[in-house]
Amino acid sequence: MFGPTLDRLAAPKFFYPFAGRLLPWLGWLAAGLLLLGAGWGLGVAPADYQQGDSYRIMFIHVPAAWLSMLTYMVMAGGAFVFLVWRMKLADMLAKCCAPLGAAFTALTLVTGSLWGKPMWGTWWAWDARLTSELVLLFLYLGLIALRGAIDEPQRAGRATALLALVGVVNIPIIHFSVEWWNTLHQPASLTRMAGPAIHPAMLTPLLLMIAGFTVYFAAVLLQRMRCEILEREQQARWLTELDAP
Amino acid sequence: MIGQVFRRELLLAWRRPGDTLLPLTFFIIVGSLFPLGVGAEPVLLRSIGPGAVWIAAVLATLLGLPRLFAADQQSGALEQLLLSPAPLALLVAVKVLAQWLTSGLPLALAAPLLALGFGLNFGDLGVLLAGLLLGTPLLNLLGAISAALTLGLRGGGALLGLLVLPLYVPVLIFGSGAVQAAALGFGAGANLSLLAAMLALALVFAPWATAAALRISLD
């Protein structure tokens with residue numbers, strides 16, 4: 001009555017149709033949030049007194065940066081669950097996260113450099129946040145490459161899971177090392193103790209975009225996982241029965 | 001058992017001096033490429049010196065990593081280690097220690113000589129040496145995890161570089177940062193303490209992660 005419980009959901013057999021039912025809702029929600037946020041941010045929000053209109057790239061840049069890190073944490077969570085409880089679905093989650101995370105990271109770097117050119121006068125600076133984001137991209141690429149290099153799915157999953165967890169330890173160290181090393185990027189303005197340092201007229205569309213990106217991520221992740229299930233469970237009986245008319 | 005593994009590693013390194021000296025030679029060659037590449041301007045050389053020595057050290061360490069487990073895997077000795085009653089993490093730690101003694105330590109000791117060529121003064125040489133003494137075991141410990149993960153994979157060498165170099169970023173930054181801070185008169189204490197803290201962390205976790213990676217690779 002209340003839908004499948006969590007442990008049953010962990011079985012691909014139940015997850016597949018469940019994700020299928022959830023997907024359209026998430027998809028439409030993401031589309032709505034993104035359209036509303038983008039329309040508001042690009043059209044309605046006032047121009048910045050310092051940066052003019054070029055600050056508007058923030059509405060892409062900040063959500064992408066947020067998701068580049070959120071994806072890593074989701075992936076590492078999946079990796080941990082898979083290493084400890086050998087849950088197949090957690091490995092699929094981790095596998096599907098890696099290319100998404102790499103894409104969000106690349107988007108962050110590209111939009112950041114487009115923003116940096118008019119603001120800082122340079123496409124690229126060896127600044128703390130830029131450099132740690134670049135290293136994050138390398139970590140994602142390493143994870144994808146490692147999985148690609150191992151043929152057996154079980155072994156590939158465990159090896160990448162271990163590497164992802166090593167990366168979790170390393171990410172704060174990289175972050176602080178480059179932060180103390182050299183800094184040009186503006187400090188955080190959303191996650192401050194004293195509350196956000198952005199005017200509400202710009203903050204609302206930004207939050208809408210962040211929510212939109214996050215829901216989009218969830219939707220794409222579910223779709224990818226459904227594909228992954230189809231690929232891995234080709235021989236499974238429930239799948240052939242599902243296919244039958 | 002632990003002592004025997006340690007003695008065996010040192011003996012193997014002693015019997016194959018070519019393998020052991022290769023990273024050291026590579027280190028010196030890479031280090032001497034920098035003045036050829038960027039020009040022999042003394043001011044420029046002094047400013048890039050610490051970074052250049054550290055990059056050469058990172059690359060030389062990378063060069064030695066695939067050999068850490070590959071030969072043992074081919075001869076079957078690695079499976080014996082896995083089956084032995086001694087904890088695998090401890091055995092791994094001993095292997096990494098032996099590798100550091102035979103390749104990392106000579107590299108750190110040769111570094112001041114190389115740095116003299118970059119025109120660093122004696123105070124900075126001491127800081128560089130201290131940083132490398134803390135940093136090279138860290139490079140070996142972190143590298144062992146990736147070496148174990150890529151064990152026996154096709155194209156393992158190139159993949160190893162991709163996996164391990166991002167992990168080396170903090171070591172490189174704090175290591176060369178120590179020399180730069182000392183040269184600017186800030187003192188190298190903070191950077192060296194951070195390197196030491198990371199080394200302590202890696203000493204606890206890296207052998208354990210490497211052991212887990214070996215179990216995955218030989219599954």
Side-chain angles (χ1 to χ4, degrees), chain A residues 72 79-80 82-84 86 91 98 101-102 105 126-183, chain B residues 51 135 138 141-178 180-181 186 190-191 193-195 197-199 201-202 204-219:
Chain A
Y72 198 96
F80 181 78
F82 179 62
L83 270 189
V84 177
R86 301 283 165 92
D91 179 43
T105 313
W126 290 99
D127 140 83
R129 294 221 189 163
L130 274 69
T131 310
S132 44
E133 194 74 10
L134 185 66
V135 176
L136 182 63
L137 179 63
F138 292 152
L139 282 177
Y140 278 125
L141 294 182
L143 285 162
I144 297 171
L146 180 62
R147 194 183 284 270
I150 307 176
D151 293 327
E152 311 145 62
Q154 184 77 8
R155 194 191 143 191
R158 289 170 62 201
T160 35
L162 188 74
L163 186 63
L165 291 180
V166 172
V168 172
V169 181
N170 207 50
I171 280 178
I173 300 181
I174 291 174
H175 179 78
F176 287 113
S177 67
V178 290
E179 185 135 295
W180 294 332
W181 175 52
N182 195 344
T183 276
Chain B
L138 195 50
L141 283 166
L142 290 175
I145 305 175
S146 307
L149 281 175
T150 54
L151 192 59
L153 295 183
R154 56 187 141 74
L159 186 60
L160 183 60
L162 180 61
L163 299 190
V164 92
L165 289 177
L167 302 182
Y168 281 176
V169 167
V171 189
L172 184 67
I173 288 178
F174 292 132
S176 64
Q180 279 158 6
F186 292 131
N191 282 291
S193 310
L194 282 164
L195 274 181
M198 290 196 294
L199 178 59
L201 200 69
V204 177
F205 289 110
W208 178 79
T210 309
L214 280 178
R215 287 218 172 81
I216 293 169
S217 283
L218 294 181
D219 210 8

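First the proteins, then the strands, lettered A, B, ... as listed; each starts at 1.
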Asker: Can you tell me how far apart CZ (Arg155(A)) and CG (Leu149(B)) are? Round to the nearest 0.5 Å.
Answerer: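 Reported to 0.5 Å precision, the distance equals 9.0 Å.
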Asker: Heavy-atom distances under 4.5 Å only: say whether Leu142(B) touches chain A with side chain, backbone, both or neither.
Answerer: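 Looking at Leu142(B), nothing touches chain A.
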Asker: Tell me, for Leu163(A) versus chain B, whether the close heavy atoms (under 4.5 Å) come from the side chain, the backbone, both or neither.
Answerer: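 Both backbone and side chain of Leu163(A) come within 4.5 Å of chain B.
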Asker: Determine the minimum heavy-atom distance between Pro166(B) and Leu139(A), stating which atoms define it.
Answerer: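 So the minimum-distance heavy-atom pair works out to CB-CD2, 4.0 Å.
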Asker: Closest heavy-atom contact between Ala149(A) and Leu153(B)?
Answerer: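 In terms of heavy atoms, the two residues are closest at O-CD2, 3.8 Å.
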Asker: Identify the two heavy atoms, one from Leu162(A) and one from Ala213(B), that lie closest to each other, and give their separation to 0.1 Å.
Answerer: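 In terms of heavy atoms, the two residues are closest at CD2-CB, 3.4 Å.
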Asker: Roughly how far apart are Leu165(A) CG and Ile145(B) CD1, rounded to 0.5 Å?
Answerer: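 Separation between the atoms: 11.0 Å.
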Asker: Under 4.5 Å from any heavy atom of chain A, what part of Leu159(B) do you find: side chain, backbone, both or neither?
Answerer: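 Just the side chain, heavy atoms under 4.5 Å.
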Asker: Closest heavy-atom contact between Leu162(B) and Ala145(A)?
Answerer: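 Distance-wise, the nearest heavy atoms are CD2-CB, 3.7 Å.
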Asker: Look up atom OG1 in Thr131(A) and atom CD1 in Ile173(B), then write down how far apart they are to the nearest 0.5 Å.
Answerer: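 If we round to the nearest 0.5 Å, Thr131(A):OG1 and Ile173(B):CD1 are 7.0 Å apart.
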Asker: Would you mind checking which part of Leu194(B) comes under 4.5 Å of any heavy atom in chain A, side chain (CB onward), backbone (N, CA, C, O), both or neither?
Answerer: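 Contact with chain A: side chain only.
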Asker: Where on Leu151(B) is there a heavy atom nearer than 4.5 Å to chain A: the side chain, the backbone, both, or neither?
Answerer: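 Backbone of Leu151(B) only, per the 4.5 Å heavy-atom cut-off to chain A.
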